[in-house]
Amino acid sequence: TDGDLGQCKLWLQQRVVNNALSFSLPPNSTSENAYSWDESVHIQQQASWNNGSIHEAIINPELDIEAGDMIQMANSDGSLVQHSLVIGRIEADGIWIIDSNYVEAKTPGYHKLSFDTLDQYDRYSIYRAR
């Protein structure tokens with residue numbers, strides 16, 4: 001475990017992006033989708049919805065979502081914990097993800113989430129580092 005850096009968002013921002021890509025993620029956005037980042041020279045937003053389907057976004061060929069893209073997600077009624085993750089692999093029934101604080105508290109993991117599970121989140125943003 002890694003203290004507060006084991007939390008999914010901080011782990012992604014400070015461990016994954018800073019160490020792997022040598023730049024920092026931009027600050028959180030103040031948009032309606034409160035679980036998003038502002039874009040920067042290194043981060044391009046691929047998709048963002050408030051009442052949309054993550055599944056539909058991921059399989060939409062025009063959006064070109066791929067392994068390595070990052071997702072921040074929440075749901076409008078607050079019944080699910082907000083979460084940040086990296087797409088590891090896309091399959092017909094879900095995605096393999098790299099994240100922290102999901103499989104075990106404050107611990108990185110690699111596991112599969114079904115599209116049914118992902119679509120319980122109706123607010124999300126998908127980003128690509130460049």
Side-chain angles (χ1 to χ4, degrees):
T1 63
D2 199 10
D4 287 339
L5 287 178
Q7 297 296 333
C8 61
K9 190 174 187 180
L10 289 173
W11 175 80
L12 183 61
Q13 288 174 314
Q14 297 179 22
R15 289 289 187 248
V16 175
V17 173
N18 281 357
N19 291 333
L21 303 173
S22 300
F23 61 82
S24 298
L25 286 172
N28 293 336
S29 174
T30 56
S31 71
E32 279 185 44
N33 181 351
Y35 215 58
S36 62
W37 295 306
D38 288 329
E39 290 188 74
S40 75
V41 66
H42 297 294
I43 299 294
Q44 175 184 350
Q45 188 176 77
Q46 300 297 103
S48 182
W49 277 272
N50 290 320
N51 282 328
S53 163
I54 295 176
H55 177 203
E56 290 177 17
I58 289 173
I59 65 170
N60 183 338
E62 292 179 15
L63 297 177
D64 189 35
I65 306 303
E66 60 187 35
D69 288 347
M70 298 169 281
I71 299 177
Q72 292 219 96
M73 57 191 190
N75 73 325
S76 54
D77 69 10
S79 63
L80 298 171
V81 175
Q82 298 172 338
H83 199 53
S84 301
L85 57 95
V86 177
I87 298 172
R89 182 174 62 206
I90 300 170
E91 294 184 345
D93 60 345
I95 59 175
W96 284 86
I97 66 170
I98 304 160
D99 64 358
S100 183
N101 208 37
Y102 191 94
V103 173
E104 187 176 333
K106 298 184 180 181
T107 302
Y110 183 65
H111 57 102
K112 188 174 183 178
L113 289 181
S114 71
F115 285 126
D116 288 340
T117 298
L118 288 166
D119 281 341
Q120 294 176 31
Y121 294 87
D122 59 359
R123 293 182 176 190
Y124 60 93
S125 298
I126 304 174
Y127 300 90
R128 180 166 299 149
R130 42 185 169 147

Over all heavy atoms of both residues, which pair between [X] and [Y] is shortest? Give the atoms and the distance, please.
| X | Y | value |
| --- | --- | --- |
| Ala57 | Ile65 | O-CG1, 3.5 Å |
| Ser84 | Gln72 | OG-OE1, 2.8 Å |
| Gly88 | Ala67 | O-CB, 3.3 Å |

Go through the side-chain N and O atoms of His111 and Asp99 and say whether any donor and acceptor fall under 3.5 Å apart.
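Asp99 and His111 do have a side-chain donor-acceptor pair below 3.5 Å.
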
For the atom pair [atom1] ([X]) and [atom2] ([Y]), what is the distance rounded to the nearest 0.5 Å?
| X | Y | atom1 | atom2 | result |
| --- | --- | --- | --- | --- |
| Ser100 | Leu85 | OG | CG | 11.5 Å |
| Met73 | Arg123 | CE | CZ | 14.5 Å |
| Thr107 | Asn101 | OG1 | CG | 7.5 Å |
| His83 | Ile97 | NE2 | CD1 | 4.5 Å |
| Asp93 | His55 | CG | NE2 | 9.0 Å |
| Met70 | Ile126 | CE | CD1 | 11.0 Å |

By side-chain hydrogen bond (donor to acceptor under 3.5 Å, both in side chains), which residues pair with Asp69, not counting sequence neighbours?
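Only Arg128 meet the side-chain hydrogen bond (donor to acceptor under 3.5 Å, both in side chains) criterion with Asp69.
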
Using the test side-chain hydrogen bond (donor to acceptor under 3.5 Å, both in side chains), find all partners of Asp119 that sit at least two apart in sequence or belong to another chain.
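If we apply the side-chain hydrogen bond (donor to acceptor under 3.5 Å, both in side chains) test to Asp119, skipping adjacent residues, the hits are Ser53.
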
Is Glu56 atom CD crowded by more than 12 heavy atoms from other residues, nucleotides or ligands, each under 6.0 Å away?
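No, the 6.0 Å shell around CD holds no more than 12 heavy atoms from other groups.
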
Are there more than 12 heavy atoms of other residues, nucleotides or ligands under 6.0 Å from atom CD of Glu91?
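Count over threshold, so yes.
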
Does Phe115 form a side chain to side chain contact (heavy atoms under 4.5 Å, CB included) with Ile58? I'd like the steps, not just the answer.
CA-CA 10 Å; Phe115 285 126; Ile58 289 173; 4.0 Å; yes

Worked verdict on Ile71 versus Ile87 for side chain to side chain contact (heavy atoms under 4.5 Å, CB included)
CA-CA 8 Å; Ile71 299 177; Ile87 298 172; 3.9 Å; yes

Taking the side chain as C-beta and beyond, is there a heavy-atom pair between Tyr124 and Leu118 under 4.5 Å?
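When only atoms from C-beta onward are counted, Leu118 and Tyr124 do not touch, as no gap falls below 4.5 Å.
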
